[in-house]
Student: 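Below is a structure I'd like to ask you about.
All values below were derived from every heavy atom in this structure, side-chain atoms included, with hydrogens, water molecules and symmetry-related copies excluded.
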Amino acid sequence: MSDERQTGWVGWGWFAAIMILLSGALEVLFGILAILLPASQYFTTREGTTVFYVSLWGWWHLLIGIVLIAAGIALANGRVWARVFAVAVVAINAVSQLLSLPAQPWWSIVVFTLDVIVIYAITVHGHELRRYDRAQQR
């Protein structure tokens with residue numbers, strides 16, 4: 001018989017799910033901004049040149065944002081497969097943020113750090129969401 005008690009670590013799982021949803025929403029907004037306003041100052045260097053093909057990068061952020069939102073919803077529902085899916089998507093987002101480093105260094109470092117914390121929360125404490133989901137069903 002397995003131990004089905006809920007522990008205080010369930011908060012880490014919820015933290016991860018909420019951060020993934022927030023990150024996904026911000027990525028969608030960032031993607032839309034890049035698609036609609038590729039020549040804005042947000043995407044240019046001090047010299048006035050763009051660091052990369054902004055419109056294509058915007059589509060990438062829009063796509064990854066939608067996938068992050070899906071992963072956050074699945075993780076919040078306590079699905080076992082969602083933990084693996086969420087770790088993979090957050091890892092891809094972390095690499096994407098490292099590639100954005102030349103254009104927006106501080107934002108990329110902050111998001112990368114949060115992605116690493118979310119991966120920690122999911123891998124170490126993600127199973128607590130499943131226990132919480134089972135406890136709620138009873």
Side-chain angles (χ1 to χ4, degrees):
M1 187 172 217
S2 66
D3 185 16
E4 294 292 329
R5 290 179 294 140
Q6 176 185 345
T7 68
W9 293 108
V10 72
W12 274 100
W14 284 108
F15 168 79
I18 291 168
M19 290 307 295
I20 291 172
L21 287 169
L22 180 63
S23 180
L26 290 173
E27 289 294 317
V28 166
L29 290 174
F30 179 71
I32 291 171
L33 178 67
I35 292 166
L36 297 179
L37 302 169
S40 70
Q41 286 217 269
Y42 188 72
F43 302 106
T44 57
T45 63
R46 289 184 182 164
E47 295 81 29
T49 60
T50 57
V51 179
F52 42 75
Y53 189 59
V54 177
S55 183
L56 179 63
W57 200 243
W59 284 106
W60 168 253
H61 280 281
L62 182 63
L63 174 69
I64 196 76
I66 291 169
V67 175
L68 279 166
I69 290 170
I73 291 170
L75 187 64
N77 286 324
R79 305 289 183 239
V80 177
W81 59 267
R83 293 193 316 240
V84 176
F85 179 63
V87 167
V89 173
V90 171
I92 291 169
N93 188 49
V95 171
S96 176
Q97 293 303 321
L98 288 178
L99 294 173
S100 298
L101 210 55
Q104 45 195 0
W106 290 107
W107 179 252
S108 295
I109 290 170
V110 168
V111 174
F112 177 81
T113 304
L114 284 174
D115 284 344
V116 170
I117 293 169
V118 165
I119 290 171
Y120 166 79
I122 294 169
T123 55
V124 176
H125 304 294
H127 65 282
E128 294 290 332
L129 284 174
R130 187 166 154 226
R131 288 183 186 166
Y132 180 75
D133 186 43
R134 283 188 193 159
Q136 293 292 67
Q137 290 175 359
R138 291 182 186 176

Student: Indicate the atoms forming the closest heavy-atom contact of Trp60 with Ser96, along with that distance.
Tutor: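 Of all heavy-atom pairs spanning Trp60 and Ser96, the closest is NE1-OG, 3.0 Å.
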Student: Remaining members of Phe112's ILVMFWY cluster at a side-chain heavy-atom cut-off under 4.5 Å?
Tutor: Leu98, Val116
Student: What is the minimum heavy-atom distance between Ala76 and Trp14, and which atoms define it?
Tutor: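 Closest approach of Ala76 to Trp14: O-CH2, 3.4 Å.
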Student: Identify, with sequence neighbours excluded, every residue that meets side chain to side chain contact (heavy atoms under 4.5 Å, CB included) alongside Leu26.
Tutor: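 Residues passing side chain to side chain contact (heavy atoms under 4.5 Å, CB included) with Leu26: Leu22, Trp107.
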Student: Mind checking whether Ile20 and Val84 sit in one hydrophobic cluster, side chains of I, L, V, M, F, W, Y counted as touching below 4.5 Å?
Tutor: no
Student: Please check if Val89 and Leu29 belong to a single hydrophobic cluster, counting links between Ile, Leu, Val, Met, Phe, Trp and Tyr side chain heavy atoms closer than 4.5 Å.
Tutor: no
Student: Closest heavy-atom contact between Ser100 and His61?
Tutor: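 So the two residues come closest at OG-NE2, 3.9 Å.
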Student: Listed by chain and number, what are the side chain to side chain contact (heavy atoms under 4.5 Å, CB included) partners of Leu56, not counting sequence neighbours?
Tutor: Tyr53
Student: For Arg83 and Val87, what are the C-alpha separation, side-chain angles and deciding distance, and is it a side chain to side chain contact (heavy atoms under 4.5 Å, CB included)?
Tutor: CA-CA 6 Å; Arg83 293 193 316 240; Val87 167; 5.7 Å; no
Student: Could you pull out all residues at least two apart from Leu101 that satisfy side chain to side chain contact (heavy atoms under 4.5 Å, CB included)?
Tutor: Ser108, Ile109
Student: Any idea which heavy atoms bring Leu75 and Ala82 closest together, and the distance?
Tutor: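 Answer, listing the atom of Leu75 first, then Ala82: N-CB, 3.6 Å.
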Student: Between side-chain atoms of residues 66-73 and protein atoms elsewhere (two or more places apart, or another chain), which donor-acceptor pairs fall under 3.5 Å?
Tutor:
none

Student: Could you grab the distance from atom CD1 of Ile64 to atom CZ of Phe30, nearest 0.5 Å is fine?
Tutor: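 Rounded to the nearest 0.5 Å, the CD1-CZ separation comes out at 13.0 Å.
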Student: Find the distance between CG (Asp115) and CD (Gln97) and round it off to the nearest 0.5 Å.
Tutor: 6.5 Å
Student: So how far is it from Ile117 CD1 to Phe15 CZ, rounded to the nearest 0.5 Å?
Tutor: 6.0 Å
Student: What ring pair (Phe, Tyr, Trp, His ring centres under 6.0 Å) pairs are there with at least one residue in residues 75-106, not counting sequence neighbours?
Tutor: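 Applying ring pair (Phe, Tyr, Trp, His ring centres under 6.0 Å) to every pair that reaches into residues 75-106, excluding sequence neighbours, yields nothing.
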Student: Does any non-hydrogen side-chain atom of Ser23 lie less than 4.5 Å from one of Leu114?
Tutor: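 With C-beta onward as the side chain, the pair stays apart.
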Student: Determine, using the 4.5 Å side-chain heavy-atom cutoff (strictly less than), whether Ile122 and Ile18 are members of one ILVMFWY cluster.
Tutor: no
